[in-house]
There are 2 protein chains.
Amino acid sequence: MADTARTRLQQAAVDLFGERGFDSTTAAEIAARAGVTERTFFRHFADKREVLFDGQAVLLEALLAAIDDIPPDAPPLGTLFRAFRSVCPLLDANRPFSEPRQAVISATPALQERELAKTAALAAALAQALRARGVPDDRAAFAAQIGMAVFAHVTVDWLEKSEPGLTDRLDRAEQDLKTLL
Amino acid sequence: MADTARTRLQQAAVDLFGERGFDSTTAAEIAARAGVTERTFFRHFADKREVLFDGQAVLLEALLAAIDDIPPDAPPLGTLFRAFRSVCPLLDANRPFSEPRQAVISATPALQERELAKTAALAAALAQALRARGVPDDRAAFAAQIGMAVFAHVTVDWLEKSEPGLTDRLDRAEQDLKTLL
DNA sequence: TTCTTGCTTGTCAGTCACTGACATCGGCTC
DNA sequence: GAGCCGATGTCAGTGACTGACAAGCAAGAA
C-alpha cells in the first residue's frame, strides 16, 4: 500500500483509537501522528468517523465486478453469495487492518451508526446491480437486504474469531438461510 | 400533549428544520424559539439529531405491550405483524408531527443515519421479545430484522402518501412477504 | 531552462455542537 | 419557615469541521 498521507492517517487512526478510544482521540492527534495537519485530515475524510470506512468503496467495486462475471440466469440470492465468496481473498488480505478496526467500532456507538449506514448503502447498490440483471424491483431490494445482513453478520463474527474461515462461514450461512426459507 | 419545555423543543425543531433545513439550524435557535436556553436543549436531548427521535421509545413500549397480549403459540413473523397493526392508531395520531419530521429526515443524510440506528435498535428489542417467547435465537433475530425492514418501509411510504392506510398497507406487505417466502 | 498549470498541504480565523461546574428559582415536605 | 429537589440559566472551555488564502512541488509546454 502506497505510503500516502491518506494511508498514514488511516493507520494512525486505528492505532490511536485502539489505544485511547475513539472519543478520547482528537483529529489533531491523528494528523500529528501521520505527520500532517488537522486540516489535511479533513481534506481526506469528510469527518472523523469516515477515516475508518474507506474500504467500503473498494469492497463495493469488487462485489459489482464479481456480479458482472456471474451468469445472469442465477437466482438473486445465489448471485449475491457467489459475489460474497469471490471477495473473501480481499477481506482475508485486509484482516490485519480490519480486525482492530472492528474492535474499535464495536466499542463505539457513533461508529456502529456509521457502519449501519455504510451497510445500507452497500445493500442499495447491490439491489441496483440485481435490477440491472433483470430482477424485479421488490425482489432485488429484498434479496439485497437479506444478503447484506447475512454477509455483515458473517464477517463480524469472523473478525472476532478467525476459525472457521470466511468461505466456510458463508457456505454454512447460505445453507442455514435455505432451510429457514 | 403537555406543554413542557421538551415538547416545545421538539416542535420548534421540526418547524425550523422544515424552514431552513437541519444543517442551517443551530441548537441555540431551536432553544430560543422554544423559550429556553441552548443548555436546556442538550439536557433534554443527547444531541441535535435526537430531538427528532423521541417517539421511538414510545413506539417500542407499545410494541412490546402488544406482543405481550398475543398468544405465544403464534408464529414469529405473524406475532410481529399483529403487533405492528396494533400500533397503527398510535402512528395515525402522530401523523401531523411525523410527516414533516420524515420530510426533514429524507433530506438529511445525518438524520437517515440516526434513523437506521434507531430501527436497528428496535429490531434488536423485538428479537429479544421473541426470544422471551421461546423463539430460538437465530429465528428471532431473523424474523425481527425482516419484520422491522418491512414495517419501516411501509411507514415511510405511508408518510409520503396517506392512502391506502397503514393497516391496509401492512396487510398487503404481509401477503407479499408470504408469497415471497 | 524557465514558465505555467494543477494538486497537495499549511496557516489562520471562525462557527457551532456539546460538556462540566456552579448559581438560581419554584414547588414540596416536614 | 427551613430544607430539599428537579428544572433551568450562566459561563467558560474543548473539539469537530469549514472557508479563504498562501506556499510548495511535480509535470509538461514553451
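Here is the naming used below: chain letters follow the sequence lines, and residue numbers restart at 1 for every chain. Predicted model only: the values in this text are computed from it and were never measured.
- Between B:Glu19 and B:Arg33 there is a salt bridge, since a side-chain N of the basic residue sits under 4.0 Å from a carboxylate O of the acidic one.
- Within residues 13-30 of chain A, the residues having any heavy atom closer than 4.0 Å to DNA chain D are, in order of number, A:Thr25, A:Thr26, A:Ala27.
- We find that A:Glu113 and B:Arg49 are joined by a salt bridge, their nearest charged nitrogen and carboxylate oxygen being less than 4.0 Å apart.
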| CA sep, side-chain torsions, deciding dist, call: A:Arg114, A:Lys48, side-chain contact (heavy atoms from CB on, under 4.5 Å) | CA-CA 11 Å; A:Arg114 176 59 52 86; A:Lys48 192 180 154 193; over 6 Å; no
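- With a cutoff of under 4.0 Å to any heavy atom of chain A, the contacted region of DNA chain D is bounded 5' to 3' by D:dG15 to D:dA20.
- Separating the CZ atom of A:Phe41 from the C1' atom of C:dG10 is a distance of 17 Å, rounded to the nearest angstrom.
- Sorted by residue number, the members of residues 43-57 of chain B with any non-hydrogen atom under 4.0 Å from DNA chain D read B:Arg43, B:His44.
- Within residues 31-39 of chain B, the residues approaching DNA chain C are B:Glu38, B:Arg39, by heavy-atom distance under 4.0 Å.
- Under the salt bridge (charged side-chain N to carboxylate O under 4.0 Å, His left out) criterion, the residue pairs touching residues 52-75 of chain B are B:Arg6-B:Asp54, with sequence neighbours excluded.
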| Hey, mind stepping through A:Val36 and A:Phe41 against side-chain contact (heavy atoms from CB on, under 4.5 Å) and telling me if it holds? | CA-CA 8 Å; A:Val36 294; A:Phe41 178 96; 5.6 Å; no
| query | Passes side chain to side chain donor-acceptor pair (under 3.5 Å), A:Gln175 versus A:Arg172? Steps please. | reply | CA-CA 5 Å; A:Gln175 280 316 114; A:Arg172 177 173 308 182; over 6 Å; no
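- Between A:Ala144 and A:Leu80, the shortest heavy-atom contact is CA-CD1, 3.8 Å.
- The backbone N or O of A:Pro164 sits less than 3.5 Å from a side-chain atom of A:Arg169, completing a donor-acceptor pair.
- Classification of B:Glu50 and B:Lys118 as a salt-bridged pair holds, one side-chain N sitting under 4.0 Å from a carboxylate O.
- Shown here are the ring-ring contact (aromatic ring centres under 6.0 Å, His included) partners of A:Phe53, two or more places apart in sequence or in another chain: there are none.
- In terms of heavy atoms, B:Leu159 sits closest to B:Glu99 at O-CG, 3.6 Å.
- For the residue pair A:Gln11 and A:Asp15, a side-chain donor N or O sits within less than 3.5 Å of a side-chain acceptor on the partner.
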